[in-house]
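See structure below.
Residue numbers begin at 1 in each chain, while the letters A, B, ... track the order of the sequences. Fair warning: this is a prediction, and the values are worked out from it, not measured in the lab.
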Amino acid sequence: MLTIRNLQAKVGEKQILNGIDLKVNAGEVHAIMGPNGSGKSTLASVLSGREDYQVTNGTIDFQGKDLLELSPEVRAREGIFMAFQYPIEIPGVSTINFMKTALNQIREHRGLPTLDAVSFLTLMKEKMKLVEIDQSLLSRALNQGFSGGEKKRNEIFQMAMLEPKLSILDETDSGLDIDALRIVANGVNALRSKKNAIIVITHYQRLLDHIVPDFVHVLYQGKIVKTGTKDLALELEAKGYDWIKEETSVA
Amino acid sequence: MSTMTTDIDLLDNITKNFREAKFDVAKESREDAMVKLGDLGLPTGKHEEYRFTPISKNLEKLFTWKSEKSLSTIHSINQFLIEGIDANVLVFINGTYSTTHSKVICPDSQAQVKTISKAFLEENDILNQHFNKLVSTDDAFAAMNTALWQDGVFIHVPANVTVQKPFFILHINDASQTQVIAHTRMLIVAEKGSSLSIIERFESQGSNPVFHTFTEEFAIKENAHLEYCKIQNDCGNSYQVTNTLIHQKNSSKVNTFTLALNGKLIRNNFGITIDGENCESHFYGLSILNGNTLADNHTVVDHKKPNSFSNELYKGIMDDNSKGIFNGKIFVRPHAQKTNAFQSNRNILISEAATINTKPQLEIWADDVKCSHGCTTGQLDEAAVFYLQSRGISYLTAKAMLLYAFAAEVLEPITDEKLKVYLDNLISERLHKDF
């Protein structure tokens with residue numbers, strides 16, 4: 001589904017990604033871990049098409065298309081979804097209206113008829129249950145005055161609505177208490193299927209107790225320096241990153 | 001466009017117009033105002049209150065100032081009416097009150113409606129008590145209007161009466177045949193416990209230049225309630241100066257909304273005197289500008305008595321080469337303790353060449369008050385645009401959504417649902433909202 005080859009990127013003059021190789025197939029969950037500043041969020045931003053990041057080398061193939069050639073909205077329409085670490089508050093735009101516009105532009109791109117108000121509400125109510133989110137929250141301005149947990153649940157609600165092929169969860173666990181973490185993880189698990197894939201970016205093993213990954217990658221100094229199974233996450237939790245840093249410097 | 005450059009002093013031309021007009025009512029106040037105008041002169045770019053609004057030089061350059069009647073080809077006003085709003089319609093075409101197009105539907109028991117000239121001829125007491133009492137003595141265009149007004153309407157709402165239908169005041173300036181210079185006027189007296197709603201719409205057509213001054217005075221008595229909406233949607237060669245003056249007595253309520261969309265130059269002098277306790281007032285404004293339009297909102301909120309509340313919110317979206325100007329003065333006089341007065345001016349510039357000049361001026365003499373002001377100017381929030389795009393929404397739709405959300409906030413206080421829908425459509429259309 002996604003093939004990243006030798007991806008290098010910088011922000012301003014600062015080189016952050018130094019040659020990332022990653023292959024994600026349909027049905028897989030990949031966790032990307034790593035110390036602060038290793039380039040995790042940069043990778044997520046590059047995948048979603050944020051303009052501040054300049055790709056200096058490498059390729060990203062998404063379902064046979066050159067992802068780097070696509071605008072952020074076309075990436076989303078093609079099936080990329082990013083759950084933001086810090087979801088933006090947008091006064092005056094309700095989540096419902098925003099989702100209706102988004103879903104219909106995506107459907108149009110995919111050659112599907114737009115949804116009328118009734119079908120949209122039916123779909124919305126079904127997806128709301130997944131993340132235990134209340135309709136009154138969705139009628140309000142997007143994320144405005146939402147708690148940290150509500151914002152993250154709203155991200156997963158949007159993911160459920162848009163049915164992406166590849167979802168990137170950028171530190172979705174940050175700022176969540178145990179209950180909110182469970183709700184968010186249950187939502188994500190309900191959306192897992194053989195047809196889609198998920199990249200989970202996180203600092204902590206605890207999210208991976210709930211969303212169990214097929215692969216765990218360690219990102220350090222802008223490169224994937226180690227790849228393992230979920231046991232690697234447990235090892236990192238117990239031992240920290242120092243041993244990886246040492247291995248890398250020796251290598 | 002017929003453009004004429006002249007070295008003849010503008011003031012001389014206006015004085016000549018005045019002498020030739022041979023007005024038959026309000027002669028004394030006209031003469032006084034003409035003297036005042038002579039003393040003040042027309043403001044140049046050096047004048048503090050007109051620094052960013054180069055109106056005088058355009059008046060000199062573009063207008064011939066010949067005393068001739070402007071011809072109009074307007075036969076129907078239907079296109080200017082607001083669908084679904086059943087209103088008392090009062091129409092001015094090129095400064096002249098049109099009895100043909102005007103239609104008062106409210107019964108006499110709800111309101112007395114007549115031209116100001118007629119009220120003068122009838123020696124109407126209410127008119128005599130209120131006419132020209134609120135007009136600032138230091139604004140040249142207010143003086144010009146007082147000297148030269150051609151026609152106007154007088155509305156008197158008796159005590160404890162709610163006028164069921166709004167008054168729709170339509171100013172059409174038709175410059176398709178000749179250039180137009182129009183001076184119009186309005187006086188509204190709302191007695192104790194009465195309630196009324198005013199919707200004003202300014203339109204123009206044709207390619208010759210238009211200069212229009214409009215002065216309106218509102219006496220809002222104890223417990224009275226005014227809903228007011230102004231829509232300025234002129235064509236690109238129209239120069240307009242309005243003076244809106246509102247005087248509030250105890251426990252009165254005033255909600256205003258001023259929407260500037262089109263025109264070459266719009267200058268709104270908006271003065272509220274809160275001369276009573278327990279008043280509540282909301283002043284909202286929105287300028288959505290493009291092309292070369294300049295819209296200048298000068299507002300003054302003067303708290304003279306204690307225990308009143310005022311809230312002012314003006315927003316601007318400036319595109320192309322347009323210019324926005326906001327100047328907001330708040331005075332809280334020494335006796336006006338426990339005043340709550342808030343002011344906010346927020347702007348988005350969406351092109352490199354668009355500008356905004358904003359200046360809050362608070363003068364507070366009382367010590368036990370809550371007052372605040374704030375102004376912000378920025379570009380469209382790119383992080384928000386990206387968030388919307390990341391969900392599959394096109395850049396243009398994302399931009400329209402954000403601008404619409406920014407603009408629509410000022411519509412919230414409008415209580416007339418039909419008017420709100422109409423304004424919402426105007427704003428949506430302008431911002432290319434297609435979702």
Side-chain angles (χ1 to χ4, degrees), chain A residues 44-45 47-53 70-110 112 114 140-144 151 154-155 157-159 161-164 167-168 170, chain B residues 257 284-286 288 313-317 344-348 350 374 376-414 420-421 423-428 430-435:
Chain A
S45 296
L47 287 173
S48 59
R50 189 171 285 208
E51 267 188 8
D52 322 345
Y53 297 84
L70 306 178
S71 65
E73 60 266 36
V74 173
R75 293 181 196 201
R77 293 169 192 173
E78 288 287 326
I80 299 245
F81 181 88
M82 158 107 140
F84 285 78
Q85 183 179 1
Y86 303 108
I88 305 279
E89 297 190 8
I90 304 183
V93 177
S94 75
T95 306
I96 294 178
N97 277 341
F98 153 60
M99 268 296 103
K100 191 155 184 266
T101 306
L103 188 61
N104 280 333
Q105 290 201 352
I106 287 175
R107 288 178 66 90
E108 205 175 315
H109 181 81
R110 294 178 187 169
L112 299 168
T114 54
R140 282 169 40 190
L142 184 57
N143 291 328
Q144 202 178 27
K151 284 181 184 169
N154 193 358
E155 293 292 290
F157 164 73
Q158 293 174 33
M159 173 178 160
M161 288 296 290
L162 303 181
E163 298 177 341
S167 302
I168 303 144
D170 188 9
Chain B
F257 176 62
Y284 282 64
L286 176 65
I288 307 180
L313 172 65
Y314 272 68
K315 286 189 167 185
I317 297 174
S344 174
N345 175 233
R346 297 173 57 201
N347 302 289
I348 294 180
I350 47 179
T376 58
T377 298
Q379 274 89 36
L380 206 57
D381 180 353
E382 287 299 329
V385 173
F386 178 73
Y387 187 89
L388 299 179
Q389 281 179 289
S390 79
R391 300 304 184 241
I393 295 174
S394 73
Y395 178 78
L396 286 177
T397 306
K399 187 176 145 184
M401 279 182 102
L402 293 171
L403 290 176
Y404 171 77
F406 173 80
E409 185 193 354
V410 292
L411 295 181
E412 274 166 29
I414 292 170
K420 201 176 198 165
V421 167
L423 294 169
D424 193 285
N425 287 338
L426 268 186
I427 292 171
S428 302
R430 172 55 79 82
L431 297 173
H432 310 293
K433 175 177 171 253
D434 61 350
F435 43 88

Identified side chain to side chain contact (heavy atoms under 4.5 Å, CB included) counterpart of B:Met401 within the set A:Ile90, A:Leu142, A:Thr101: A:Thr101
Considering only residues two or more places apart or on different chains, which pairs with a residue in residues 377-398 of chain B satisfy salt bridge (charged side-chain N to carboxylate O under 4.0 Å, His left out)? A:Glu155-B:Arg391
A:Pro164 portion near chain B, given a 4.5 angstrom heavy-atom threshold: neither
Is chain A contacted by the side chain of B:Ala408, its backbone, both, or neither, given a heavy-atom distance below 4.5 Å? neither
For a quick test of reading the model, state the closest non-hydrogen atom pair linking B:Ala405 to A:Pro91 and the distance between them. CB-O, 3.4 Å
Heavy-atom closest pair, residues A:Ala76 and B:Gly392: CB-N, 3.2 Å
Check salt bridge (charged side-chain N to carboxylate O under 4.0 Å, His left out) between B:Lys315 and all other residues, then give those that pass, not counting sequence neighbours. B:Glu409
Name the orientation class of the two ring planes belonging to B:Phe386 and A:Phe84 (parallel below 30°, tilted from 30 to 60°, perpendicular beyond 60°). perpendicular
Can you tell which part of B:Phe406 gets under 4.5 Å to a heavy atom of chain A, answering side chain, backbone, both or neither? neither
Could you tell me which of A:Val93, A:Ile106, A:Ile88, A:Leu162 has the largest number of non-hydrogen atom pairs under 4.5 Å with chain B? A:Ile88
To the nearest 0.5 Å, what is the distance between OH (B:Tyr387) and CZ (A:Arg50)? 11.5 Å
Using heavy-atom distances under 4.5 Å, tell me whether A:Arg75 contacts chain B through its side chain, its backbone, both, or neither. neither
All heavy atoms of A:Arg77 vs all of B:Ser394, minimum pair found to be NH2-N, 3.3 Å
